[in-house]
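Throughout, a chain's letter reflects where its sequence line sits, starting with A, and its residues are numbered from 1.
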Amino acid sequence: MDDKYFPKKVEQKWQRRWAETRAFEAEVDSEKPKFYALEMLPYPSGNLHMGHVRNYSAGDALAWYKRLKGFNVLHPFGWDSFGQPAEDAAIKRGVNPREWTEDNITAMRGQMERMGFSYDWRRQMFAHRPEYYRWDQWFFLKMYEMGLAYKRMTQVNWCSHDQATLSNEQASGGLCWRCGNPVTKKDLEQWFLKTTAYTEQLLEGLTEIEAGWPASVIKRQRDWMGRSEGAFVDFEVKATDDSLFYCPIVDGLTSSSAVGRGRIRVFTTRIDTIYGANAIVLAAEHPVIQANLDNFPEAVSEKIALIRVENTKPTDHEVEIEKDGIDTGLSAINPFSGEELPIWVGNYVMMEYGTGAVMSVPGHDERDLEFALKFGLSVKSVIEPAEREGGGKPRFQTANSAAFTEYGVLVNSGEWSGMPSIEAKREMAAYAESRRFGLAATTYRLRDWGISRQRFWGAPIPIVYCDACGVVPERPENLPIGLPENIPITGTGESPLANIPEFVQTRCPKCEGPAKRETDTMDTFVDSSWYFFRYTDPANTTLPFDPETAAYWTPVDQYIGGDDHAVMHLIYARFWTKVMRDMGLVSFAEPFRRLLTQGMVVGETFFDDATGKKVYEMPANVTVTRDAKGKITTAVSADGRPLKHAIERMSKSKGNGVDPDEMVDIYGADAARLFTLFAAPIENELVWNEAGIEGAVRFLQRVWRLVLKWESTIGMTPLEAGAPIISGARDLRRKTHQTIKRVQDDFEELQFNTPVAALMELSNAIADLDVDPVMATPDQIVAVREALSALILMLTPYAPHTAEELYSVIEGHEDGIIKSGGMFPEYNEELARAETIEIAVQVNGKLRSRLVAPPESSNAELEKMAFADEKTREYTEGKEVVKVIAVPGRLVNIVVK
RNA sequence: GCCGGAGUGGCGAAAUUGGUAUACGCACCAGACUCAAAAUCUGGCGGGCUUAACGCCCAUGUCGGUUCGAGUCCGACCUCCGGCACCA
């Protein structure tokens, strides 16, 4: 054993040994319990950053822990290697996207290996390779067959900066998820996957996984599905001239036989307020409006066109959009009251939600009120607060007050007056249904997943257009439909594949006649929707994976990644799994039993106040002052210039990234891993602090020196389970077993930071045993040996290289921990038990004294000791004792008057 | 605006879920070793009062409440962070 700890030497040695011994290769083994540990796959940008390191360090720690606990652990890795950056590089620098991607993967793979993560590299998947994406295409064909894939004209979310279409999830907040620029709308024919067919299942499934997922992610998914219960109500259109106005059946809402010509259907969650309706307001895109554009007076048509154009503009949520609209001149009959209501077009009604038509009730809806006030429409109150506090009459709505949007009691509502809202909602919907002009209904915010991308670097959609046969799916045996090599990529927003005749021109799979290929490729989120199943059977050439093999490994027991995928990847993957279940490939519906979302790694950055230029990436040579809350108020550089301070996500592009390779070079992979897990709870944001990692190295060095000190002594003494317990060694053995329990309990709770503190305490305890090993008694040697052995094994998840090396020193062989049957240390309750414990003595709830007692002391004994205690007597003497509370093992509280 | 989450030393953070607040680490201070420095080791380190010791008082964003006892539970407020955003 070296006198000093040389991380690089140890790390290289064990990385080689692990590869030679195939230490982390796992196979189906029905004798052992399995554990599937999975981290979200990265995009191969070419650079590993500290966020990756944190993510994979946590996953690797868990994988190691489970191995040491005797599980058969599947821990695979792969690359989300389709996508835009490769194409951007091709456009900007003329490189080949495939070569660029492969080079990046090679570079990052090297970085990953230097970190020493325990992956089964044989199972590596690459989204961009035909062996993988042929199965994307295979799934697409299956879904097409099942009626889950379809094509339609739509307004897509369009990012003009990236020249790319985006799904709703990717355009959340009106901003592009990748570049952050505002999203506009564009008309395009697109392929969709019917995620909406699974909305209810996706919602119900959340209750099943709720316990193992972060509450925030569950909540965000629920919000994203946006279930809302209400009713459809059909309003009959009263046109000035019936022959001119056509009122088509609203698409997709034909389930009710009551809908037909001459009616407009609205969706409302507040049918109880229907007597307060003053207008019907339609989206500019509503079919009734679009079908009749030519029939409106010119001024009206122009206004509608204007609103439509405004709707396609980027949305800026900082600024509230002003209500706008126009009276169409049409009117409709309120089926409840018989009242005639004007039909308006309003910019605040969205075609994508509900039916694209609302009944405007300004007395009880903020938006409708705003609209009514702007255009001078009448406002009527039809709901009163149910409880009249103080017995006074409730205040009536006036036109200028805020809308009363809560539930209450109906007024001015004909025969329904006096009924509470909740009851009225149910009864009025039922009434509408019986009269065939409405029905109770549930609508969702979730929409189908648009997967078409006018991009090159993705899996081609395996569809052929034939003049004779129309839209024809490819034959599965023709897969993969490969991407052509060496083609010009322009980035104009059109599908690059459309310009490649060799790709486009093909034969119809049905009639063998000439035909054209679909030139759009799939959203890359398709690749990541099922990759974790491919890991179970990565070489399969007849199916995406063998169902039986997958049945052994899946579902994933623990998934770890960033919460930025809460509503994209994590909804798509759940959807895909449900589809696979319906295809008979898997037998469950939820792919991830437990989910852990780790916080971002951020860096403190300082800018020169005068020039705005970044001057210091790390705060090492910056002097800062902080306010009472610890926030940095001023920062000054070493040469006295004032600096601006910012905390931002670490990345190479921001220039504040700490390069993992550099960390490994200076401190070693083990220290880097240990520090990222110790510095903060895994779900918190981690502010990178260079000094902290030095603490991690120091700790590893201390452990190294401890082993060095005891090496020769304990090497000669076998560890005997039943060794006698004598005096000094007793405390160390107790500490060892208490630590085992703490570390184990915390790992089960996925707490990675607190076990490190426990291990540091144990290490300090061994060092505190101030004995020259040569003079040590046998029981001391046994205790030290046990403590060191446990310490090293428990250190493995954090610092596997160092642990392997030290373990080989103690055990005297070089097989590696896993191959030599190393297990997580056994916890012994008997040894962990304290002989004496400290009991707090409180008088009137204030700590006044402490006493030492046997842990099994009864309440009566504790009380007796407390009253006998001199310090306690000072506070109780001469006072009336009202009450005594004793908590075994903890405290005695004496209440005196 | 609506919905979540969080406020504990100079900093990252612990606290067996109502029972001895500040574990562990970072930074800092002092000492030992050294010609010196680094490294290492030892000690100190929430605030206040007290000449010092013994000790006492106050401290988990603020103000109340429940309780023998509150960082933890309840109510109101303040601040910060995140999510959603005209969803009818």
Side-chain angles (χ1 to χ4, degrees), chain A residues 4 172-174 214-220 222-224 226-228 230 266-270 273 281 315 317-318 320-323 346-350 352-361 364-368 370-371 443-445 563 566-567 599 619 624-626 628-632 675 678-681 683-696 698-699 701-702 705 741-742 745 751 753-761 763-764 767 837-850 871 882-896:
Chain A
K4 270 187 74 185
S172 175
S216 63
V217 175
I218 296 283
K219 184 192 170 304
R220 280 176 67 186
R222 270 207 185 103
D223 289 351
W224 194 260
R227 183 191 158 101
S228 78
V266 304
F267 177 71
T268 178
T269 55
R270 293 297 303 271
T273 66
V281 187
T315 34
H317 293 297
E318 302 300 309
E320 203 184 323
I321 300 162
E322 204 178 320
K323 295 279 183 294
N347 66 339
Y348 71 104
V349 181
M350 298 184 302
E352 300 85 42
Y353 183 77
T355 62
V358 303
M359 60 179 204
S360 163
V361 186
H364 306 287
D365 183 282
E366 306 275 2
R367 294 152 305 174
D368 293 341
E370 203 188 312
F371 192 72
T443 61
Y444 302 91
R445 208 182 90 118
D563 73 350
V567 290
V624 298
T625 58
R626 293 171 192 269
K629 289 194 172 150
K631 276 208 165 171
I632 293 180
F675 173 64
F678 173 58
E683 62 275 8
N684 283 20
E685 190 173 79
L686 170 61
V687 181
W688 189 259
N689 166 14
E690 188 98 29
I693 196 170
E694 288 174 20
R698 279 203 284 268
F699 170 58
Q701 285 169 338
R702 277 202 296 275
R705 282 197 298 268
K741 180 160 170 48
R742 275 174 73 186
D745 290 351
Q751 287 183 15
N753 56 330
T754 44
V756 179
L759 294 178
M760 286 172 168
E761 283 182 41
S763 152
N764 292 344
I837 50 169
E838 220 177 41
I839 298 288
V841 183
Q842 297 181 333
V843 178
N844 287 345
K846 284 203 167 166
L847 181 69
R848 293 303 179 192
S849 179
R850 283 168 199 179
K871 271 205 267 179
V882 180
K883 200 173 180 183
V884 181
I885 294 113
V887 182
R890 296 236 176 269
L891 55 71
V892 178
N893 187 11
I894 301 164
V895 186
V896 296

Proximity to the side chain of [X] - top-ranked nucleotide from [options]:
X        : options             : result
A:Arg848 : B:C57, B:C86, B:U20 : B:C57
A:Arg705 : B:A13, B:A88, B:C41 : B:C41
A:Gln751 : B:A15, B:A23, B:A88 : B:A15
A:Arg850 : B:G12, B:A27, B:U20 : B:U20
A:Ala691 : B:A88, B:C26, B:C68 : B:C26
A:Arg445 : B:A88, B:C84, B:C68 : B:C84

Would the base of B:U16 count as contacting A:Arg890 through its side chain, where contact means a donor and an acceptor less than 3.5 Å apart?
yes
What is the nucleic acid contact for [X], judged by heavy atoms within less than 4.0 Å: base, sugar-phosphate only, or nothing?
X        : result
A:Asp745 : nothing
A:Thr268 : sugar-phosphate
A:Phe699 : nothing
A:Met760 : sugar-phosphate
A:Arg222 : nothing
A:Val887 : base
A:Glu761 : sugar-phosphate
A:Arg220 : sugar-phosphate
A:Asn764 : sugar-phosphate
A:Gly695 : sugar-phosphate

Nearest 0.5 Å, what's the [atom1]-[atom2] distance between [X] and [Y]?
X        : Y        : atom1 : atom2 : value
A:Leu891 : A:Gln842 : CG    : CD    : 5.0 Å
A:Arg742 : A:Gln751 : CZ    : CD    : 11.0 Å
A:Arg702 : A:Asn764 : CZ    : CG    : 6.0 Å

Who pairs with [N] - Watson-Crick or G-U, where each distance is under 3.5 Å:
N     : result
B:C80 : B:G5
B:A38 : none
B:C26 : B:G10
B:C49 : B:G55
B:G64 : B:C74
B:C33 : none

Residue pair [X] / [Y]: nearest heavy atoms and the distance that separates them:
X        : Y        : result
A:Tyr444 : A:Tyr353 : O-CE1, 3.7 Å
A:Phe699 : A:Ser763 : CE1-CB, 3.7 Å
A:Val361 : A:Asp368 : N-OD2, 2.8 Å

[atom1] gap between [N] and [M], integer Å:
N     : M     : atom1 : result
B:G47 : B:U8  : C1'   : 14 Å
B:G71 : B:G46 : C1'   : 15 Å
B:G19 : B:C11 : C1'   : 29 Å
B:G9  : B:G48 : P     : 15 Å
B:G12 : B:C28 : C1'   : 15 Å
B:C63 : B:A70 : P     : 15 Å
B:U62 : B:C56 : P     : 24 Å
B:A23 : B:A15 : P     : 13 Å

Closest-nucleotide mapping onto RNA chain B: is A:Arg702 or A:Val349 further toward the 5' terminus? I mean the 5' end.
A:Arg702
So which one's nearest nucleotide on RNA chain B is more toward 5', A:Lys871 or A:Glu838?
A:Glu838
Counting N and O atoms only, with roles assigned by atom type, does the side chain of A:Asn893 sit under 3.5 Å from a partner on the main chain of A:Gly845, one being a donor and the other an acceptor?
yes
Within the side chain of A:Asp563, is there an N or O that forms a donor-acceptor pair under 3.5 Å with the backbone of A:Val217?
no
Chi-angle category of B:U17 [syn within 90° of 0, anti beyond]:
syn
Anti/syn call for B:G9, syn if |chi| within 90°:
syn
Would you please classify the geometry between the A:Phe371 ring and the A:Tyr348 ring as parallel, tilted or perpendicular, with 30° and 60° separating the classes?
tilted
Whole-Å distance separating the [atom1] atom of [X] from the [atom2] atom of [N]:
X        : N     : atom1 : atom2 : answer
A:Trp688 : B:G12 : CH2   : C1'   : 13 Å
A:Lys4   : B:A39 : NZ    : C1'   : 8 Å
A:Leu891 : B:A70 : CG    : C1'   : 13 Å
A:Ile218 : B:G5  : CD1   : C1'   : 16 Å
A:Lys846 : B:U67 : NZ    : C1'   : 16 Å
A:Asp223 : B:G83 : CG    : P     : 13 Å
A:Glu683 : B:G5  : CD    : P     : 14 Å
A:Leu759 : B:A14 : CG    : P     : 16 Å

Would you say a side-chain N or O of [X] is under 4.0 Å from OP1 or OP2 of [N]?
X        : N     : value
A:Arg698 : B:C26 : yes
A:Lys883 : B:C68 : yes
A:Thr754 : B:A23 : no
A:Lys323 : B:A88 : no
A:Asn753 : B:C24 : no

Given side chain to side chain contact (heavy atoms under 4.5 Å, CB included), test A:Met760 with A:Phe678 step by step and report yes or no.
CA-CA 11 Å; A:Met760 286 172 168; A:Phe678 173 58; 3.9 Å; yes
